[in-house]
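In what follows, every heavy atom counts, from backbone to side chain, and hydrogens, waters and symmetry copies are set aside. The structure presented is a predicted model; accordingly, all values stated were derived computationally and were not measured.
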Amino acid sequence: MLGLIEALFDEPPAVFAFSAGAITTLDLLARHPERVRLAVVHEPPVVGLLPDADRHRAALEAVRAAARTGDLDEAARLMTDAMTAPEPGAATPELRHPGDWLDGYAETSPEPPTPELLELFARLGELQPLFLEHVLVPFTSADVDVAALAAAGPRLVPVAGIDSRGQLPYRAAAALANRLGLPLTEFPGGHLGPVERPTQFAAALRALLG
(Lines give C-alpha, C1' and ligand atoms only; values in the text may rest on other atoms or scores of the structure.)
Protein backbone atom coordinates (compact mmCIF):
# COMPACT_ATOMS: atom_id res chain seq x y z
CA MET A 1 0.00 0.00 0.00
CA LEU A 2 2.85 2.39 0.78
CA GLY A 3 4.24 1.82 -2.71
CA LEU A 4 0.88 2.71 -4.27
CA ILE A 5 0.66 5.91 -2.25
CA GLU A 6 4.16 6.92 -3.27
CA ALA A 7 3.43 6.17 -6.93
CA LEU A 8 -0.01 7.78 -7.17
CA PHE A 9 -0.15 10.70 -4.71
CA ASP A 10 1.89 13.84 -4.24
CA GLU A 11 0.29 14.47 -0.85
CA PRO A 12 -0.91 12.11 1.91
CA PRO A 13 -4.32 10.78 0.85
CA ALA A 14 -7.43 9.78 2.74
CA VAL A 15 -7.55 5.98 2.76
CA PHE A 16 -10.71 3.89 3.05
CA ALA A 17 -10.52 0.12 3.50
CA PHE A 18 -12.63 -2.66 4.95
CA SER A 19 -12.04 -6.07 6.50
CA ALA A 20 -8.53 -7.39 5.78
CA GLY A 21 -7.74 -4.18 3.89
CA ALA A 22 -8.61 -2.22 7.02
CA ILE A 23 -6.01 -4.20 8.97
CA THR A 24 -3.43 -3.35 6.30
CA THR A 25 -4.42 0.32 6.64
CA LEU A 26 -3.99 0.20 10.43
CA ASP A 27 -0.48 -1.14 9.92
CA LEU A 28 0.24 1.57 7.36
CA LEU A 29 -0.96 4.31 9.72
CA ALA A 30 1.04 2.88 12.63
CA ARG A 31 4.27 2.55 10.65
CA HIS A 32 4.04 5.55 8.31
CA PRO A 33 1.64 8.08 9.86
CA GLU A 34 3.11 10.90 7.80
CA ARG A 35 1.88 9.24 4.59
CA VAL A 36 -1.81 9.14 5.54
CA ARG A 37 -4.08 12.17 5.90
CA LEU A 38 -7.08 10.18 7.11
CA ALA A 39 -7.65 6.44 7.63
CA VAL A 40 -11.26 5.20 7.56
CA VAL A 41 -11.21 1.54 8.60
CA HIS A 42 -14.42 -0.44 8.21
CA GLU A 43 -14.70 -3.45 10.54
CA PRO A 44 -11.05 -4.52 10.77
CA PRO A 45 -11.31 -8.00 12.38
CA VAL A 46 -8.59 -7.30 14.96
CA VAL A 47 -9.50 -10.30 17.10
CA GLY A 48 -6.69 -9.73 19.57
CA LEU A 49 -8.41 -6.65 21.01
CA LEU A 50 -11.43 -8.66 22.17
CA PRO A 51 -11.66 -10.02 25.72
CA ASP A 52 -12.58 -13.45 24.33
CA ALA A 53 -9.86 -13.40 21.68
CA ASP A 54 -8.66 -16.96 22.31
CA ARG A 55 -12.09 -18.40 21.55
CA HIS A 56 -12.32 -16.50 18.28
CA ARG A 57 -8.79 -17.46 17.27
CA ALA A 58 -9.67 -21.12 17.84
CA ALA A 59 -12.78 -20.78 15.67
CA LEU A 60 -10.79 -19.23 12.84
CA GLU A 61 -8.07 -21.86 13.14
CA ALA A 62 -10.82 -24.45 12.64
CA VAL A 63 -11.69 -22.70 9.37
CA ARG A 64 -8.12 -22.99 8.17
CA ALA A 65 -7.89 -26.63 9.25
CA ALA A 66 -11.02 -27.50 7.27
CA ALA A 67 -9.68 -25.68 4.22
CA ARG A 68 -6.43 -27.61 4.42
CA THR A 69 -8.31 -30.91 4.27
CA GLY A 70 -10.03 -29.72 1.09
CA ASP A 71 -13.47 -29.44 2.71
CA LEU A 72 -14.17 -25.92 1.45
CA ASP A 73 -17.90 -26.11 2.13
CA GLU A 74 -17.22 -26.87 5.79
CA ALA A 75 -14.56 -24.17 5.95
CA ALA A 76 -16.96 -21.60 4.51
CA ARG A 77 -19.67 -22.65 6.96
CA LEU A 78 -17.31 -22.37 9.91
CA MET A 79 -16.14 -18.94 8.77
CA THR A 80 -19.71 -17.70 8.44
CA ASP A 81 -20.51 -18.98 11.92
CA ALA A 82 -17.37 -17.43 13.39
CA MET A 83 -17.95 -14.05 11.78
CA THR A 84 -21.70 -13.62 12.08
CA ALA A 85 -22.79 -15.34 15.31
CA PRO A 86 -24.15 -12.51 17.52
CA GLU A 87 -22.48 -11.95 20.86
CA PRO A 88 -24.32 -10.12 23.65
CA GLY A 89 -22.86 -7.60 26.01
CA ALA A 90 -20.29 -5.94 23.75
CA ALA A 91 -19.02 -2.60 25.03
CA THR A 92 -20.22 0.09 22.64
CA PRO A 93 -18.41 3.43 22.33
CA GLU A 94 -20.06 6.69 21.34
CA LEU A 95 -21.81 6.17 17.99
CA ARG A 96 -21.83 8.59 15.06
CA HIS A 97 -23.85 8.50 11.84
CA PRO A 98 -22.59 10.96 9.20
CA GLY A 99 -25.18 12.16 6.71
CA ASP A 100 -28.91 11.50 6.82
CA TRP A 101 -28.95 7.83 5.77
CA LEU A 102 -30.24 6.65 9.14
CA ASP A 103 -33.59 8.38 8.60
CA GLY A 104 -35.96 5.72 7.30
CA TYR A 105 -33.16 3.17 7.02
CA ALA A 106 -35.27 0.35 8.46
CA GLU A 107 -37.60 0.60 5.45
CA THR A 108 -34.80 0.15 2.92
CA SER A 109 -33.24 -3.04 1.54
CA PRO A 110 -29.88 -4.06 0.08
CA GLU A 111 -29.43 -3.24 -3.58
CA PRO A 112 -29.44 -6.08 -6.13
CA PRO A 113 -25.92 -6.73 -7.43
CA THR A 114 -25.03 -5.36 -10.84
CA PRO A 115 -23.75 -7.68 -13.59
CA GLU A 116 -20.26 -6.32 -13.02
CA LEU A 117 -20.49 -7.15 -9.32
CA LEU A 118 -21.75 -10.66 -10.04
CA GLU A 119 -18.77 -11.19 -12.32
CA LEU A 120 -16.45 -9.98 -9.56
CA PHE A 121 -18.07 -12.34 -7.05
CA ALA A 122 -17.41 -15.25 -9.40
CA ARG A 123 -13.76 -14.33 -9.72
CA LEU A 124 -13.40 -13.89 -5.96
CA GLY A 125 -15.05 -17.26 -5.43
CA GLU A 126 -12.19 -18.86 -7.33
CA LEU A 127 -9.80 -17.34 -4.79
CA GLN A 128 -11.73 -18.56 -1.75
CA PRO A 129 -9.50 -21.61 -1.09
CA LEU A 130 -6.46 -19.33 -0.98
CA PHE A 131 -8.23 -16.91 1.34
CA LEU A 132 -9.51 -19.54 3.76
CA GLU A 133 -6.18 -21.35 4.08
CA HIS A 134 -3.59 -18.59 3.81
CA VAL A 135 -5.15 -15.16 4.42
CA LEU A 136 -7.90 -15.37 7.04
CA VAL A 137 -5.88 -16.42 10.09
CA PRO A 138 -2.73 -14.27 9.51
CA PHE A 139 -4.82 -11.14 9.08
CA THR A 140 -7.22 -11.69 11.97
CA SER A 141 -4.38 -12.63 14.33
CA ALA A 142 -2.22 -9.64 13.40
CA ASP A 143 -1.02 -7.52 16.30
CA VAL A 144 -2.20 -3.93 16.44
CA ASP A 145 0.19 -1.20 17.59
CA VAL A 146 -2.29 0.60 19.84
CA ALA A 147 0.23 3.18 21.03
CA ALA A 148 1.18 4.19 17.49
CA LEU A 149 -2.47 4.37 16.43
CA ALA A 150 -3.35 6.47 19.47
CA ALA A 151 -0.79 9.01 18.31
CA ALA A 152 -2.77 9.42 15.07
CA GLY A 153 -5.72 10.79 17.04
CA PRO A 154 -8.79 11.78 15.00
CA ARG A 155 -7.02 10.93 11.72
CA LEU A 156 -8.14 7.36 12.43
CA VAL A 157 -11.87 6.69 12.02
CA PRO A 158 -13.12 3.24 13.08
CA VAL A 159 -16.30 2.32 11.18
CA ALA A 160 -18.78 -0.56 11.49
CA GLY A 161 -21.91 -1.61 9.62
CA ILE A 162 -25.13 -1.07 11.53
CA ASP A 163 -26.51 -4.42 10.32
CA SER A 164 -23.60 -6.37 11.84
CA ARG A 165 -24.04 -5.16 15.41
CA GLY A 166 -22.94 -7.89 17.80
CA GLN A 167 -21.02 -9.83 15.16
CA LEU A 168 -17.28 -10.42 15.37
CA PRO A 169 -16.07 -7.71 12.93
CA TYR A 170 -18.37 -5.11 14.51
CA ARG A 171 -17.20 -6.03 18.00
CA ALA A 172 -13.58 -5.78 16.86
CA ALA A 173 -14.15 -2.30 15.42
CA ALA A 174 -15.88 -1.24 18.64
CA ALA A 175 -12.99 -2.66 20.68
CA LEU A 176 -10.52 -0.66 18.58
CA ALA A 177 -12.52 2.53 19.12
CA ASN A 178 -12.81 1.87 22.85
CA ARG A 179 -9.10 1.15 23.20
CA LEU A 180 -8.22 4.43 21.46
CA GLY A 181 -10.93 6.54 23.10
CA LEU A 182 -12.53 7.28 19.72
CA PRO A 183 -16.18 7.22 18.64
CA LEU A 184 -17.41 4.43 16.40
CA THR A 185 -18.96 5.58 13.14
CA GLU A 186 -21.79 3.41 11.83
CA PHE A 187 -22.43 3.04 8.12
CA PRO A 188 -25.28 1.37 6.19
CA GLY A 189 -25.19 -2.39 5.69
CA GLY A 190 -23.17 -5.06 7.41
CA HIS A 191 -19.61 -6.29 7.03
CA LEU A 192 -19.97 -6.08 3.24
CA GLY A 193 -21.79 -2.76 3.31
CA PRO A 194 -19.90 -1.30 0.32
CA VAL A 195 -21.29 -4.05 -1.94
CA GLU A 196 -24.63 -4.64 -0.16
CA ARG A 197 -25.74 -1.00 -0.16
CA PRO A 198 -23.30 0.90 -2.41
CA THR A 199 -25.46 4.00 -2.90
CA GLN A 200 -26.23 4.52 0.78
CA PHE A 201 -22.70 3.58 1.77
CA ALA A 202 -21.14 6.03 -0.68
CA ALA A 203 -23.39 8.83 0.59
CA ALA A 204 -22.37 8.12 4.19
CA LEU A 205 -18.69 8.04 3.24
CA ARG A 206 -19.00 11.32 1.36
CA ALA A 207 -20.67 12.89 4.40
CA LEU A 208 -17.86 11.64 6.63
CA LEU A 209 -15.12 12.92 4.33
CA GLY A 210 -16.94 16.22 3.93
Side-chain angles (χ1 to χ4, degrees), residues 1-53 56-57 60 83 90-99 101 131 134-162 164-165 167-195 198 201-210:
M1 186 178 288
L2 180 61
L4 287 175
I5 289 176
E6 292 175 341
L8 299 176
F9 297 94
D10 295 327
E11 298 179 352
V15 178
F16 167 80
F18 74 102
S19 196
I23 293 179
T24 302
T25 301
L26 290 175
D27 186 70
L28 171 67
L29 182 63
R31 294 174 183 268
H32 303 282
E34 75 285 353
R35 306 310 302 268
V36 182
R37 176 170 58 87
L38 182 71
V40 182
V41 291
H42 184 276
E43 296 196 2
V46 281
V47 171
L49 297 182
L50 295 171
D52 49 356
H56 293 297
R57 288 195 185 101
L60 295 170
M83 288 293 183
T92 303
E94 173 193 351
L95 296 178
R96 294 183 177 175
H97 303 92
W101 64 268
F131 172 78
H134 299 289
V135 177
L136 177 65
V137 170
F139 269 89
T140 56
S141 61
D143 292 328
V144 177
D145 190 339
V146 174
L149 294 175
R155 290 189 296 126
L156 174 59
V157 183
V159 176
I162 194 170
S164 57
R165 284 182 179 177
Q167 297 176 4
L168 175 58
Y170 186 105
R171 294 177 66 230
L176 176 66
N178 277 325
R179 185 71 65 90
L180 297 174
L182 296 172
L184 179 65
T185 298
E186 286 190 323
F187 270 17
H191 187 58
L192 298 179
V195 296
F201 197 98
L205 182 58
R206 282 195 300 268
L208 171 65
L209 295 177

Any side-chain heavy-atom pair of [X] and [Y] under 4.5 Å:
| X | Y | answer |
| --- | --- | --- |
| Arg179 | Val46 | no |
| Leu168 | Pro45 | no |
| Val41 | Val157 | no |
| Pro93 | Asn178 | yes |
| Arg155 | Val40 | no |

### Counterpart residues, salt bridge (Lys or Arg N to Asp or Glu O under 4.0 Å), relative to Asp52 (two or more places apart)
Arg55, Arg171

Might you point out which heavy atoms bring [X] and [Y] nearest each other, and give the distance in Å?
| X | Y | value |
| --- | --- | --- |
| His42 | Gly161 | NE2-N, 3.7 Å |
| Pro158 | Ala173 | CB-O, 4.1 Å |
| Ala207 | Pro98 | CB-C, 3.8 Å |
| Leu38 | Pro154 | CD1-O, 3.9 Å |

### Query
Any chance the rings of His134 and Phe139 have centres within less than 6.0 Å?
no

Rounded distance (nearest 0.5 Å) linking atom [atom1] of [X] with atom [atom2] of [Y]:
| X | Y | atom1 | atom2 | value |
| --- | --- | --- | --- | --- |
| Arg35 | Glu11 | CZ | CD | 11.5 Å |
| Leu192 | Glu43 | CG | CD | 8.5 Å |
| Ser141 | Arg57 | OG | CZ | 7.0 Å |

Could you give the side-chain donor-acceptor pairs of residues 180-188 under 3.5 Å, partners two or more places apart or in another chain?
unit_1	atom_1	unit_2	atom_2	d
Glu186	OE1	His97	NE2	2.6
Glu186	OE1	Arg165	NH2	2.7
Glu186	OE2	Arg165	NE	2.7
Glu186	OE2	Arg165	NH2	3.3
Glu186	OE2	Tyr170	OH	2.5

### Message
What verdict does the side-chain contact (heavy atoms from CB on, under 4.5 Å) test give for Leu60 and Val47, after you've listed the backbone C-alpha separation in whole Å, the side-chain angles of each residue and the deciding distance to 0.1 Å?
### Response
CA-CA 10 Å; Leu60 295 170; Val47 171; 4.0 Å; yes

Residues 13-28 side chain polar contacts: donor-acceptor under 3.5 Å, at least two apart:
unit_1	atom_1	unit_2	atom_2	d
Ser19	OG	His191	NE2	3.0
Thr24	OG1	Ala20	O	3.4
Thr25	OG1	Gly21	O	3.0
Asp27	OD1	Arg31	NE	2.8
Asp27	OD2	Arg31	NE	3.0

